[in-house]
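Here the structure comes first, spelled out in structure tokens, and everything after it is commentary.
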Protein chains: 2
Amino acid sequence: MSDPSESARLAVDLRQSLVRVVRRLRATKGFPLPQAAVLHRLDRVGTTSIGELAAHEGVRPQSMAQTIGELEALGLVQRAPDPTDGRRVLLSLTAAGAAALVEERRQRDDWLASAIAEQLDPAERAALAIAIPALSRIADT
Amino acid sequence: MSDPSESARLAVDLRQSLVRVVRRLRATKGFPLPQAAVLHRLDRVGTTSIGELAAHEGVRPQSMAQTIGELEALGLVQRAPDPTDGRRVLLSLTAAGAAALVEERRQRDDWLASAIAEQLDPAERAALAIAIPALSRIADT
DNA sequence: TATTGTTATACTCTATAACTATA
DNA sequence: TATAGTTATAGAGTATAACAATA
């Protein structure tokens, strides 16, 4: 049974803490968050399209196109035509992009990982492991 | 003991899910997120200063001053001089601000609360209840 | 017609810098 | 000098609208 007042309380507290953590993340040294997300995504899936990236991140294709343009200008991402569909563009990391990802991990990811390791107790880390996929599901709503 | 690789994995997954939920929150009808946060905060503490609000949200006083200016222009927040310190400004909700908060709750908070109630199972909600204060602590780092 | 992507433009959010007024 | 707040300006992040190319 879900208690509506419990969910209401969780909602308000969740919104406040999420917004604050994201501000803190943005303030931490590293690539802009949209760029960092693309670097991680390309590293994980190898090759994909702008539309897929936009859908996965929950932004408009126009917004993702701009992020990709920035990464391309930095030489971190490369485009290739999709051989089976002339409308699509296949994206992948360049060698410099892979190196940039290493640097991103060393900076922002490392900060967050340290915060999790040092400031959370085992029960909180276990709770986080359960909460994260739940949050992703909410984001997809 | 905290396993470093566990924390590293949590960090990357956490960043991605948080950013996506915040984007989704921003896209949901209601006040801009900084304004909504102030409405909630003033409702909770009654009266406070710009500096306190900025510290609580983790933004610069200049940024908070702008948010307050917007809310004041909308007639949702009122200023009063601090009788004991001429530099400070005491902020509080107007009647219209309290009404606006009701509307905010009806819209964005209700969306999030519904998502929590309908899409999360009891174990996930319990995990969220533990994870939220942990996230707040990380934001304060 | 529908889909993929681009370009142009504007608004939101937050920061830094430079300032005023009060303590 | 230090603190609370303001104003000006810039940059990051995202959206909508209008368009071109391909399916």
Side-chain angles (χ1 to χ4, degrees), chain A residues 15-16 18-39 47-74 77-91 104 108 139, chain B residues 15-16 18-39 47-74 77-91 104 108 139:
Chain A
R15 175 175 51 70
Q16 300 223 75
L18 293 196
V19 168
R20 291 201 301 142
V21 175
V22 170
R23 278 197 198 109
R24 183 66 179 75
L25 271 174
R26 190 165 285 137
T28 299
K29 189 161 169 31
F31 286 85
L33 286 174
Q35 293 184 18
V38 168
L39 293 178
T47 292
T48 187
S49 70
I50 288 193
E52 189 280 333
L53 286 171
H56 183 263
E57 287 299 310
V59 298
R60 300 288 166 179
Q62 297 96 314
S63 302
M64 184 54 67
Q66 176 170 322
T67 299
I68 295 301
E70 293 160 358
L71 286 168
E72 194 186 20
L74 293 170
V77 159
Q78 59 196 352
R79 299 170 193 251
D82 183 326
T84 71
D85 184 341
R87 297 169 305 179
R88 296 182 81 221
V89 177
L90 294 182
L91 304 165
E104 169 69 17
R108 184 181 287 118
Chain B
R15 174 175 52 70
Q16 300 223 74
L18 293 196
V19 168
R20 293 202 299 143
V21 176
V22 170
R23 278 196 198 110
R24 184 64 179 76
L25 270 174
R26 189 165 284 136
T28 299
K29 191 163 166 29
F31 285 85
L33 286 174
Q35 294 184 17
V38 169
L39 293 177
T47 291
T48 187
S49 70
I50 288 192
E52 189 280 333
L53 286 170
H56 183 263
E57 286 299 310
V59 298
R60 301 287 166 179
Q62 299 96 313
S63 301
M64 184 53 68
Q66 177 171 321
T67 299
I68 296 301
E70 293 160 358
L71 287 168
E72 194 186 18
L74 293 170
V77 159
Q78 59 196 354
R79 297 169 194 252
D82 183 326
T84 72
D85 185 339
R87 297 169 304 181
R88 296 182 81 219
V89 177
L90 295 181
L91 305 165
E104 170 68 17
R108 185 182 287 118

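Computation of the quantities below employed the complete heavy-atom set of this structure, encompassing side-chain atoms and omitting hydrogens, waters and symmetry-equivalent molecules.
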Name every residue in residues 47-64 of chain A that has at least one heavy atom under 4.0 Å from any atom of DNA chain D, in order of residue number, or write none if there are no such residues.
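Heavy-atom cutoff 4.0 Å gives A/Val59, A/Arg60, A/Gln62, A/Ser63.
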Rounding to an integer number of Å, can you tell me how far [X] [atom1] sits from [N] [atom2]?
| X | N | atom1 | atom2 | result |
| --- | --- | --- | --- | --- |
| B/Asp82 | D/dT3 | CG | C1' | 13 Å |
| A/Arg24 | C/dT14 | CZ | P | 15 Å |
| B/Glu70 | D/dT7 | CD | P | 13 Å |
| A/Gln35 | D/dG11 | CD | C1' | 13 Å |
| B/Phe31 | C/dT12 | CZ | C1' | 15 Å |
| A/Lys29 | C/dA15 | NZ | P | 17 Å |
| A/Ile68 | D/dT14 | CD1 | P | 13 Å |

Between A/Arg26 and A/Asp85, which residue's closest nucleotide on DNA chain D lies nearer the 5′ terminus?
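Between the two, 5'-proximity favours A/Arg26.
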By nearest nucleotide on DNA chain D, pick out whichever of B/Gln66 and A/Gly86 is the more 5' one.
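By nearest-heavy-atom nucleotide position, the 5'-most residue is B/Gln66.
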Reported OG1-to-CG distance for the pair A/Thr84 and A/Leu90, which is rounded to 0.5 angstrom
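The distance works out to 7.5 Å.
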Hey, could you give me the CG/CD distance between A/Leu71 and A/Gln66, rounded to the nearest 0.5 Å?
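Atom-to-atom, A/Leu71:CG and A/Gln66:CD are 11.0 Å apart.
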Ignoring backbone atoms, test whether B/Arg79 places a side-chain nitrogen or oxygen under 4.0 Å from the OP1 or OP2 oxygen of D/dA4.
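No, outside the criterion.
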Below 4.0 angstrom from OP1 or OP2 of C/dT14, is there any side-chain N or O of A/Arg23?
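For C/dT14, OP1/OP2 do have a side-chain N/O of A/Arg23 under 4.0 Å.
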To the side chain of B/Arg87, which of C/dT6, D/dG13, D/dA4 is closest?
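Given the options C/dT6, D/dG13, D/dA4, the side chain of B/Arg87 is closest to D/dA4.
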Chi angles and distances behind the side-chain contact (heavy atoms from CB on, under 4.5 Å) call for A/His56, A/Thr48:
CA-CA 11 Å; A/His56 183 263; A/Thr48 187; over 6 Å; no
Starting at the 5' end of DNA chain C and moving along, which residue's nearest nucleotide shows up first, A/Ala27 or A/Val89?
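It is A/Val89, whose closest nucleotide lies nearer the 5' terminus.
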Got a donor-acceptor contact below 3.5 angstrom from the A/Arg26 side chain to the A/Leu33 backbone?
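Checking the backbone N and O of A/Leu33 against the side chain of A/Arg26, no donor-acceptor pair under 3.5 Å is found.
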Please check if the side chain of B/Arg87 supplies one atom and the backbone of B/Asp82 the other of a donor-acceptor pair under 3.5 Å.
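Here the side-chain-to-backbone pair does not exist.
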When only distance counts, do a donor and an acceptor, one from the side chain of A/Arg88 and one from the base of C/dT4, lie under 3.5 Å apart?
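Check fails, no donor-acceptor contact within cut-off.
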Residue from B/Arg15, B/Arg23, B/Arg24, B/Arg20 passing salt bridge (Lys or Arg N to Asp or Glu O under 4.0 Å) with A/Glu57
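By the salt bridge (Lys or Arg N to Asp or Glu O under 4.0 Å) criterion, A/Glu57 pairs with just one of B/Arg15, B/Arg23, B/Arg24, B/Arg20: B/Arg23.
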Quick one: closest heavy-atom pair of B/Ala36 and B/Arg108, and the distance?
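The pair with the smallest heavy-atom distance is CB-NH1, 3.9 Å.
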